[in-house]
2 protein chains.
Amino acid sequence: MPDTNKIDPAAETGHEPRAAEKILNVARDLFYRQGIRAIGVDEIVRTAGVTKPSLYRSFPSKDELAASYLRYYDREFWARFDEAVAAHPGDPRAQILAFLTRVGKRTQKPGYRGCGMTNAVVEYPEHDHPARLVSEENKRELRRRLRAMAKAMGASEPDTLGDGLLLLIEGAYISGQLFGAGGPARTVARNAELLIDASLAKPGRA
Amino acid sequence: MPDTNKIDPAAETGHEPRAAEKILNVARDLFYRQGIRAIGVDEIVRTAGVTKPSLYRSFPSKDELAASYLRYYDREFWARFDEAVAAHPGDPRAQILAFLTRVGKRTQKPGYRGCGMTNAVVEYPEHDHPARLVSEENKRELRRRLRAMAKAMGASEPDTLGDGLLLLIEGAYISGQLFGAGGPARTVARNAELLIDASLAKPGRA
DNA sequence: TGACAATGTTACCGATCGGTACGTATACGG
DNA sequence: CCGTATACGTACCGATCGGTAACATTGTCA
């Protein structure tokens with residue numbers, strides 16, 4: 001299924017960047033670092049060195065530009081996720097821990113701003129906003145995969161464990177940008193490890 | 001230490017609400033439900049049935065009004081937290097679980113919008129923003145208390161457990177507004193229970 | 001009743017918001 | 001050399017942003 005925006009600026013490389021590509025690259029950077037609502041289209045086109053009509057020729061609206069930014073972010077996210085999965089074939093526990101170890105490290109880097117999609121959900125509570133739709137789809141799929149991995153691990157309550165891992169992940173995204181280096185997000189992999197092992201033990205209490 | 005805003009509209013009741021009080025009440029509702037950046041001062045004063053100079057005589061700026069909203073939110077938060085603590089004297093495990101059980105329930109209610117302070121951090125990445133300062137102070141104190149409670153429980157890695165609980169809490173705030181009813185936030189207390197019990201067992205692995 | 005302080009109101013400010021009508025430059029095929 | 005299509009820029013739109021100057025109203029206490 002094709003993108004909503006008319007052009008895919010990251011299609012092939014080798015050419016000098018077209019206006020649409022420069023715009024999306026700048027928008028990705030500014031939207032992520034400052035927030036979508038905080039950045040105006042004027043600032044985007046000024047930074048990209050283009051003009052406003054160029055933006056609106058490639059993207060129907062600012063909201064759709066934001067959605068394109070998040071679709072890009074979504075692809076990057078799954079690339080990172082699948083990389084961790086591919087590093088430990090057939091071992092979902094190691095897959096999750098590898099992913100969370102890298103998340104934990106990223107959260108400690110200066111200027112970390114959390115998950116672009118999570119942030120977009122906070123910025124846009126309206127359920128039909130283009131940016132939110134992309135984010136919600138990503139999170140639903142993440143939840144589905146985490147639950148499946150928890151089941152594959154043999155957890156006694158796979159849905160609980162999958163959801164618990166998602167809570168830890170989202171908590172790491174937020175805590176990372178809230179506390180910076182040395183914050184709670186540093187422990188996300190270790191806490192996931194504890195939670196997983198506790199869930200693999202027999203039924204637990206009543 | 002007194003508030004930054006000139007007036008405390010929730011000081012005593014029994015009088016017909018002054019403009020400042022009406023403004024703050026409306027701002028609390030709109031800022032929480034829609035987000036701070038999404039709401040303009042015109043909409044606030046219009047909804048409150050007052051005019052703009054009334055706002056700016058009681059609050060130095062919109063940013064400071066947002067900070068006042070968050071200070072109010074901070075007080076409500078600690079009231080809820082201390083209520084759970086007081087319900088289980090000397091039993092930090094039960095205190096945490098009581099608090100998280102209520103958090104989990106709140107996240108399932110329609111229109112749930114997460115934690116106002118967490119949302120403000122996402123909306124304002126600048127570290128010197130008045131709204132962010134209030135939120136960061138709240139979160140630092142929460143982290144401190146969670147770690148202290150983890151230590152009081154006798155956790156083998158108290159800082160790890162305290163931080164893990166904070167990750168679960170922040171994850172519940174986000175997931176609650178992201179997934180709505182039936183989302184992962186429902187399991188926050190159960191996952192905290194698993195994590196706590198795993199952390200109370202002996203050292204774990206290397 | 002008169003003076004003062006607190007509060008509310010009308011009307012306005014420059015800046016920025018997202019978005020667009022319309023003209024211009026460049027590349028390419030005939 | 002011309003016609004056409006594609007890509008980009010100039011100049012502008014009404015609406016809304018956060019914030020304010022100047023004036024009117026009210027309550028209180030002497």
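Per chain, numbering begins at 1; letters A, B, ... match sequence-line order.
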- Pick the nucleotide of DNA chain C nearest each of A:Pro53 and A:Ile39; which residue has the one closer to the 5' end? A:Ile39

- Message: Quick check against the 3.5 Å criterion: does B:Asn191 have a side-chain atom that pairs as donor or acceptor with the backbone of B:Thr187?
- Response: yes

- Message: Taking A:Ala172's backbone N and O only, do any of them form a donor-acceptor pair with B:Glu170's side chain (distance below 3.5 Å, no angle check)?
- Response: no

Could you state the [atom1]-[atom2] distance from [X] to [N], rounded to the nearest angstrom?
X: B:Glu43; N: D:dG19; atom1: CD; atom2: C1'; answer: 18 Å
X: A:Arg46; N: C:dA15; atom1: CZ; atom2: C1'; answer: 12 Å
X: A:Arg18; N: D:dA7; atom1: CZ; atom2: P; answer: 7 Å
X: B:Glu64; N: D:dG19; atom1: CD; atom2: C1'; answer: 15 Å
X: B:Glu21; N: C:dT7; atom1: CD; atom2: P; answer: 13 Å
X: A:Leu55; N: C:dG18; atom1: CG; atom2: P; answer: 10 Å
X: A:Phe59; N: C:dG19; atom1: CZ; atom2: C1'; answer: 15 Å
X: B:Lys52; N: D:dC23; atom1: NZ; atom2: P; answer: 20 Å

[X] vs [N]: side-chain N/O to OP1/OP2 distance below 4.0 Å:
X: A:Ser54; N: D:dA7; answer: no
X: A:Lys62; N: C:dG18; answer: yes
X: A:Thr51; N: D:dC8; answer: no
X: A:Tyr56; N: C:dG19; answer: yes

Short N-O contact, [X] and [Y], less than 4.0 angstrom:
X: B:Glu64; Y: B:Arg71; result: yes
X: A:Asp82; Y: A:Arg145; result: yes
X: B:Arg190; Y: A:Glu157; result: yes

- In terms of the nearest nucleotide of DNA chain D, which residue is placed more toward the 5' end: A:Val50 or B:Arg37? A:Val50

- So, does the side chain of B:Arg57 form a donor-acceptor pair with the base of C:dT9 at under 3.5 Å? yes

- Nearest listed nucleotide, side chain of B:Asp42, among D:dG18, C:dA21, C:dT10: D:dG18

- Task: Could you tell me whether A:Ile44 contacts a base, only the sugar-phosphate backbone, or nothing, with contacts defined as non-hydrogen atoms closer than 4.0 Å?
- Result: nothing

